[in-house]
Amino acid sequence: MTAGRALGLLAIVATIAVACTPAPASGKTAALTIFGAASLKDALAALVPAYHAAVPGATLTVATDSSATLRTQIEQGAPADVFLSADRTNPRTLVDAGLTDGPAVDFAGNTLTVIVPTDNPAGIESPADLARPGIKIVAAGDDVPIATYTDQAIARLAALPGYPAGFARSCTANIVSREQNVNAVVAKIELGEGDAAIVYITDARASTAVAAVAIPDAANVAAAYAGVVVAASTNHDQAHAFLDWLAGPAGASILARFGFVPPP
């Protein structure tokens, strides 16, 4: 290859690299505060440095908790630029209240699984065992997205052949605690303070102290993750640039490493 052709190829590569780098419409960078669902904690730890590399000068600060808690904090005026929820309901609530800059953007999906401590002292072999007398189930608070998805999965399981009458009622009776977010649910199972819980499959993959018991495909639930730019943000252009990046190929490839799938 001649020197001229080599320089021309380098120029093309450089042009493509620049074109693929997200840049805020204003041409400047800013410090953004990201409120993210608890189940995104590990993924966000990888997404932040990747975005810093893609957008030199950008600064992201992340806070994670249950989606409902974060949504309430935004409603009460907490300073956030982007809200990433483990459902569509909480972002939609903010959109309907006029507290966002633009509509919600779907950026990821997830599915559910039962988790048990690695030694599985209760001998849980299928979701049907969740209804056995004496099983200690750890759940999340009613307003946490994983609780809604769990209720849907339990209802679907109850309709499957072979599941006992009153399955859903028995599962509810076996709940021994309700936690603030899904990370706290997983922690309880890791510590052996419960026999089982239903969480996102990404949570099961991230922990070495739990084992997964599959939920049949016919009863599993597709969780949709959506994000919004907060209206009170003073960095709308930069916040939209981050959300677009997250929902695009670069963000999706990183999320996939943690078990997330495209939005349902």
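All of these numbers come straight from a predicted model, not from anything done at the bench.
When the side chains of ILVMFWY residues are joined at heavy-atom separations under 4.5 Å, either directly or via intervening members, Val199 and Leu157 end up in a single hydrophobic cluster. Connection of Val138 to Val210 is established within a shared hydrophobic cluster, with ILVMFWY side chains joined at heavy-atom distances below 4.5 Å, either directly or through further cluster members. Taken together through direct or relayed side-chain contacts under 4.5 Å among Ile, Leu, Val, Met, Phe, Trp and Tyr, Ile124 and Leu160 form part of one hydrophobic cluster.
Listed by chain and residue number, Glu179 satisfy the side chain to side chain donor-acceptor pair (under 3.5 Å) test with Ser177 (two or more places apart in sequence, or in another chain). Scored by the side chain to side chain contact (heavy atoms under 4.5 Å, CB included) test, Asp42 finds Ala206, Phe258 as partners (sequence neighbours excluded).
In this structure, Ala58 and His52 approach most closely via the heavy-atom pair O-CD2, 3.1 Å. Across all non-hydrogen atoms, the minimal contact from Gly227 to Leu84 is CA-CD2, 4.0 Å.
No option in Ser67, Ser39, Ser85 other than Ser39 meets the side chain to side chain donor-acceptor pair (under 3.5 Å) test with Tyr225.
With hydrogens and angles ignored, the 3.5 Å screen pairs a side-chain donor or acceptor of Arg156 with a backbone N or O of Asn220. The backbone N or O of Ala38 lies less than 3.5 Å from a partner atom in the side chain of Asn183, making a donor-acceptor pair. With hydrogens and angles ignored, the 3.5 Å screen pairs no side-chain donor or acceptor of Thr100 with any backbone N or O of Val230.
Between the side chains of Asp81 and Ser233, a donor-acceptor pair is found at a separation under 3.5 Å.
With a 6.0 Å radius and a threshold of 12 heavy atoms from other residues, nucleotides or ligands, Arg169 has its CZ atom at or below the threshold.
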